[in-house]
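Worksheet: the structure to be examined is printed underneath.
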Amino acid sequence: MNRSTLRAAVPPLVALVVLLALWEGAVRLLEVPRWLVPPPSAIGAVGAHEASALLGGAITTGRSALVGFGLSAVLGVLVAVLLASSRMVERALYPYTLFLQTVPIVAIAPLLVLWFGPGPRAVAVSSFIVSLFPVIANTLTGLRSVDPSLRDMFRLYGARRLATLWKLELPAAMPHLFTGLRIASGLSVIGAIVGEFVAGFAEGSAGLGILVLGAYRQLRTDLLFAAVLAASVLGLVLFGAVSLTGARLLRRWHPSAQGT
Amino acid sequence: MNRSTLRAAVPPLVALVVLLALWEGAVRLLEVPRWLVPPPSAIGAVGAHEASALLGGAITTGRSALVGFGLSAVLGVLVAVLLASSRMVERALYPYTLFLQTVPIVAIAPLLVLWFGPGPRAVAVSSFIVSLFPVIANTLTGLRSVDPSLRDMFRLYGARRLATLWKLELPAAMPHLFTGLRIASGLSVIGAIVGEFVAGFAEGSAGLGILVLGAYRQLRTDLLFAAVLAASVLGLVLFGAVSLTGARLLRRWHPSAQGT
Amino acid sequence: MKVEGLRRTFPGNISVLAGLDLDVAPGSFVALLGPSGCGKSTLLRLVAGLDRAEAGHVTFTPTLERTPGERAPIAYVFQDAHLLPWRSVLDNAALPLELTGVPKAERQAAARAVLEQVGLGDATERYPAELSGGMRMRASLARALVTHPRLLLLDEPFAALDELTRGRLDDQLRALWRKLGMTVLFVTHSISEAAYLAERAVVLSRRPARVVLDRTLELPTERTAALRTEAAFAREARLLNEALEQGEHW
Amino acid sequence: MKVEGLRRTFPGNISVLAGLDLDVAPGSFVALLGPSGCGKSTLLRLVAGLDRAEAGHVTFTPTLERTPGERAPIAYVFQDAHLLPWRSVLDNAALPLELTGVPKAERQAAARAVLEQVGLGDATERYPAELSGGMRMRASLARALVTHPRLLLLDEPFAALDELTRGRLDDQLRALWRKLGMTVLFVTHSISEAAYLAERAVVLSRRPARVVLDRTLELPTERTAALRTEAAFAREARLLNEALEQGEHW
Amino acid sequence: SRQKEESQPGSQTATAASASTPKPNTPAKVKLALNWVPEPEFGGFYAARESGAFARQGLDVEILGGGAGAPVQQMVATGQAEFGISGADEILTARARGLDVIPLFAVYQTSPHAIMAHASRGAKNIADVLSSGTVALEPGLSYVAYLKKKYGFDKVKVVPYDGGVARFVADKNYAQQCFVTAEPLAAKRQGATPAVFLVADEGFNPYLAVVITRRQYWKEQPERVKAFVAAVRDGWRTYLDNPGPTNAVMAKLNTTMDAETFAAAAEAQRPLIDTEATRSQGLGTMSRKRWEQLAQQLVDLGTIEQAPAPDDYLVPEFVSARD
Ligand SMILES: Nc1ncnc2c1ncn2[C@@H]1O[C@H](COP(=O)(O)OP(=O)(O)OP(=O)(O)O)[C@@H](O)[C@H]1O
Ligand SMILES: Nc1ncnc2c1ncn2[C@@H]1O[C@H](COP(=O)(O)OP(=O)(O)OP(=O)(O)O)[C@@H](O)[C@H]1O
Ligand SMILES: [Mg+2]
Ligand SMILES: [Mg+2]
C-alpha cells in the first residue's frame, strides 16, 4: 500500500460517503418502509450483528467465485485463441459459445449438481459458466485487432504459431483481455450466488446466496441488503485486483492505462 | 441476403449439425435418461408440438430483451462517456457501476415490480440491469485507448468536447464498443428470462422464462431444453445483428473486421 | 512568437530542453535542424500547446486566439501522418474545417483542391490503410494546409517523399507562404531543403537542445531550382552543415 | 533472386505492379528509386513473401530456406518502425533472435552491440512511445541488422534521420555489406544516397511500376565522403535524376 | 406381520427395528438431499441426526441443504443421494417422466400450502380471496392449477409469486400463495395481519416433505432403507416433543432465521404433521387411497397423462392400507 494507491482510494471512498448520505437522507425523508429499502444505518447495524455469518458467507462464495473466475480466465483465453486460429473456426463455433451465456443456470443446475455434486464444486462451475463469455469475446477481439504489420514482421522472422501467440497476439490483446476480466470478475460473483441458490449448501458454510435467499424469504430486507452489499464488496475486490494488475502491466505502453 | 452472407452461414450450420449428431448419438449410446438430457430429436418433437407457445414466448421475451439491450447500449455508452470525462470521476464512480452487475436480480426484483409493475416493463429493466455493465466497461476501455497523438491533433484544431467525442473517441472506441454489445446481447436475453422468473407474467403471453420455470417444475426436460434453445436462438439473433453491424462499420479500417 | 527559457525533462531524467530561447517574427519562415532525438518535435509540441513545459513560456504577438470565422490559427504536420483510419482521405483532409463548422460542400471542395495540390487527386476516396507511406504524409500535409493557418508547424513533412515530389511540394509550400504570409516553423533533416525553403535557419545541438546557429539566410526571395547550383546556396549549406557537426559534439 | 512477371492489383482496380521483372545477383547491393506511391513497398513485401502476387513469382538461388543455426535469412526494415509498444528498445531489437531461440544473454549482447552502432546505446531501456521519430527508425534498423540476414530489405530506413546520422549509418551499412556479403534491396528517395551506397540502381516509373533505368553504377568499391564531390558521382546522380523525371511522365 | 409393524407407534417400531438388525461396526454413509435450506420443515431430520437416532440405526447421514429449485429428485434418481425430500405431486410427476423414485415417509400429512390475504378484507375462504384484488401465484405449481380449475381467475389479477412478502405488506388488496410456516410469520413480523387459508381444505392435499429413495436402492438395501425410515420417525418424534435444541442447531446453519421464528414455525407446523392419522398409524404414514386420489387429480389437471399404477411406486412397508 504505497502513497499513490492510497490516493487512488480517495475518490471512490468520497463517492461512497456521498452515496450513503444521500440514501440515508432519502429513505428518512420519504419515510420509505424499512422492509422495502432499509437505510444504510440499519444495514450497517445488521451487518455488524451478523458479521460472522456475512464474513463466512463471503468467504464461501468468494472461494467459489474465485475458482469460477480463474477457470473463466484460463479457459476463456484458450477458447479465444482457438477461435482466432481461423475465420472458419470462429464462424462455426463462436455463436455457440454464446449459448453458455444465454442458458439460465437454473435450467442446467440439475446437470451441474449431478455432475459435480451439490456444494462448492457445482457453485464454482456455475460461476465459471456465467463469467466465461466476456473473456472469450474480449480476448477474441483483442487477438483480431493486432496490427497486421506486426503480424507480418513476425511471419518474416519465421515465428512459430506459439511464439506469435505468446509474444505478439496475447500482449497486444492485453487491454481487451483485461476489460473482459473486469466484466468477468463481477459476473463470477453473481454466478456463484445464483449457483448457490440452486446447488449450494455444504454444511457449516452457507454462502451469500443462501443468506440472500433466506433473508428474502424472511423479509429481512436489511440483512438481504447487507448480504447483497457483501457480494458487491466481493465483486469489487476481484475487480480491483484485476484492474490493478492490468494497470501495472499496461502502464508503460498503453494509453488506456496512462494517467492512472 | 446476398451470396457472401449465405456463405458465412455455412460453417455455423455445419457445426450445428455435427453438434446435434454427436449429442443424439451420445444420449442414445450412453442411455442417458430422457428426463436428464433429452436427445435433440425429442427436443425437436416437443418444439414442434409446442411451437406456438415457444414462438409466443420468444416474442414476449425478445421484446423485453430488445428494450433492455437498447437501454444498455444507449445508457452504457453515456455512462462510459461520463466516466471517461476524467480519471477522478472514473475512480469515484466506476466501481459502483459494477454494483449493478453483482446484485442478484432476485434480490431487487420486488423493488423493480413495485416501481415498474409486474410484466414486460420490469422484465425489460431486469434485462437492462444485467446487460449494462459490459457496455460500460468496453466502451470505457475504448474511449481510453484512443491514440494520444490523434487526441493532440483534435486539441490543436480547437475541437470542442462534443466534436472530439463524436468524431474521434466514439469511432475509435467502436471495436471495443461492439465487443461490449456482443456480450450485452446474450446477457440481455438471460436478464429478461431471469426477470420473468420473478416479475414476468402478463396474462396471455407467457415469456420463455415462464415456460422454463413451468417446464422445470413439471420435470418436462424436453420442453425445458426447447425453451432454453429458443432463448439461445433469440440471443444468437441479437448477437448476429450486432456482429453484422459491427463488421459492416469496421470493415474498411479495423483489422478485427478484416477477412470477415 | 517568443520562446523564453523553455525547459522540458522527461521521466528518467531525460533533459530535452534546458532553457531554450527563440524569437520568431510574424510571417517568417524558419527551418529547424538538429540531430535525431535532440528535441525538435518536443519544441514544436510545446509551441503548439500540446505539451507543458516545466519552465519558460511561449508567447505570441499578436495573440493566436482564434478569430471568428477563421479556420484554425495553428496547423501542425506531425512526424507521423496520424490520419483517422475510419475516414477516407478526403474526409481526413477536410477534418479541421469540419471541426470549425465549415459547411460540407465548401470544406470538401477545399479539401479536394489541396489534395490535388499534393498529388492525391485520384486517391480521395481511399482509406489510410490503403495508401503508401508517402501518400499518407501528403494527406496529412493537405489536412494542415487546408486551414490557411497563421502559424504552420511542419515536422519533417517531406521525409518520406521522392525528390521530385518533394521539390514540387517545396515550391508549393513556399508559394503558399509568400501568398498568405503565415509564420512557418519547418523541421527538416535536409540541409539543402532548409536552405532552399527558409528565410532563417536554426540549428539545434544534441539533447538538451541549445541553439548552435541562428542565421538569416542571405538568399534571394525568388527561389527556383537554379538556386541550388549557385555559390550563395552552397555557402549557406556549408554553414548549416558545420553548425550541425558542431552541435553533435557539444 | 529473380523476380518474374510480378503482377499486383489492389481492390478498386489499382494496378501497382503489372508484370515486373528484376534479376538480382546474390550479394549485390541494389538501390530502388521511384515516385511516391509507385509500388516500391509493395515490391519489397512481395519479395519478403508478406503479400501474394496475382501472377508471376520470386525465386531465390540459392534458396532462402532457413539453415539450422541461422538467425533469419531475410530481414526487413519497414517504412514505419513497427516496434512492439510493450517492449523496451533492447527487447525489440533482440526479438528476431528470440524468435529463433538464441539464448537470452547472447541475444541481448548482440542487440546491445547493434543498438550502439545505430546510436541508441543510451536508450536501450526506453519504450517506443518514449522515443523520437528518428530513434524509432533506428531501433527498427537495429532489429533488422541483428540477424545478419542473407537478404536485407530496407524501405527508406534513414528518411527520418538528420544528414550526419544518416551519413554515418550509410557508411556502417556499406561496411556491413562488404563484410557479410548479403544481398541488399534498398528503397530510398535520396538520389545521392542511392548513388553513394549501391552497386546498382533501379528506377521505377509511376504506378503501375515499370523499370525505367537499371544501371550498374560506375563508381569505386571504396567509398568515402570525398566521393560525393567527384564528377563520376555527379554523373550517376544526374542519370538517376533524369530517369526519375522520365518515370514521372510515363 | 409387516402390517402389524407399520401400525405400531413410531418409537416402538424404531426399537423393534434396531433390535432385529444387528448394529454394524462401521455406520453406513448415506446422503439426504433437502429441497430447501434448514428450517423447521426439516426439524425431524436434524433431530434424528442430533439425537443419535441415525447412529443407533447404524447410519451416518450427511444432510445436503438445498436452495431454490434444488434438483432433489434427479439427485436421488441418479444416485447422487440415497434419500431426498420432495412433494407428493412432484413425485408423481417425476414418475410420469420416468424417474423411478419411491415415497417412504410423509412428514406433512396436511399440505402447508396456503393462500394468505390481509385479514382486513374479511375473506372467509379462498373463493372469497380469489374474487377480487391481486394474487401472487407461482406458475407451474399443481395446486395453483387446481385452484385455477376450481375457481377460475377471472375476477382476480394474477401476478407472479416472487418468493417474498414485500409486496404483500405494501398492498392491502394483495394476496399470495404461502407456506403456512413461513410467509405469514414474516408478514406478521412486519406488522401485517394475514388471514391464512389452507389449500388442503379445498380438496387438494398432497403429502409434503416426503422422504424418497430410488427403487434400485430399496431393492439392494431394504434393511438400510427401513432403518433410515425408522430413525426419521424417531427424529420427528423427538423434534415434536422438544424442538428447541434442534432449532438451535439449524439456526447455526441458517442464520437468516431468528430463534423466535424457528420456534413459531415449529409450532405452526405441528398440527399439519401430528394428525389423527399419525396418532393411529405412526408419524409419516401414507395412505394408498390418498396417493391414488392425488394421481387422479393430477391427471384431471393435465399435469400427467395417466395415473401410475399404485403398486409401481407404493411399497407396502411404508404405506397404510387404511385411509
Ligand atoms: N491495401 C491497399 N489497398 C488499396 N491500395 C493499396 C493498398 N496498399 C497499397 N495500395 C496502393 O498501392 C500503391 C503502391 O503502394 P506502395 O506502398 O507500394 O508505394 P511506395 O512505392 O512504397 O510509395 P512510398 O514511396 O510513398 O512509400 C499506392 O498507390 C497505394 O495507394
Ligand atoms: N514520452 C517520453 N518519455 C521519455 N522520453 C521521451 C518522451 N518523448 C520524447 N522523449 C525523448 O526526448 C528526446 C527528444 O525527442 P524529440 O521527439 O523531440 O526528438 P526530435 O528532435 O524530434 O528527433 P527526431 O529527429 O528523431 O524526430 C528523445 O531523446 C526522446 O527519447
Ligand atoms: Mg521528431
Ligand atoms: Mg513505401
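Just so it is clear, the values below take in all heavy atoms, side chains as well, and ignore hydrogens, waters and symmetry mates. Numbered from 1 within each chain, the chains take letters A, B, ... in sequence-line order.
Formation of a donor-acceptor pair under 3.5 Å by the C/Arg45 side chain with backbone atoms of B/Asp152 is not found in this model.
When heavy atoms are compared at a cutoff of 4.5 Å, C/Leu83 approaches chain B solely by way of its backbone atoms N, CA, C and O. Heavy atoms closer than 4.5 Å to chain B are found nowhere in C/Ala81, neither backbone nor side chain. In this structure, chain B has heavy atoms under 4.5 Å from both the backbone and the side chain of C/Tyr76. For chain C, no part of B/Leu249 is nearby; none of its heavy atoms comes within less than 4.5 Å. Looking at C/Arg143, both its backbone and its side chain come within 4.5 Å of chain B, counting heavy atoms on both sides.
Ranked by non-hydrogen atom pairs under 4.5 Å with chain C, the options B/Pro171, B/Ser149, B/Ala163, B/Ala172 are led by B/Pro171.
In the displayed structure, B/Arg161 atom CZ is contacted under 6.0 Å by more than 12 heavy atoms of other residues, nucleotides or ligands.
Two residues are said to be in side-chain contact when any heavy atoms from C-beta on lie closer than 4.5 Å; C/Leu84 and B/Phe154 meet this criterion. Looking at heavy atoms from C-beta onward, B/Tyr157 lies out of side-chain contact with C/Ile74 at the 4.5 angstrom threshold.
The CG atom of C/Leu50 lies 13.0 Å from the CZ atom of B/Arg151; values are rounded to the nearest 0.5 Å.
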Requested in this report: Before giving the answer on side chain to side chain contact (heavy atoms under 4.5 Å, CB included), spell out for C/Phe78 and B/Leu150 the whole-Å C-alpha distance, their side-chain angles and the decisive distance to 0.1 Å.
Outcome: CA-CA 10 Å; C/Phe78 297 89; B/Leu150 295 180; over 6 Å; no
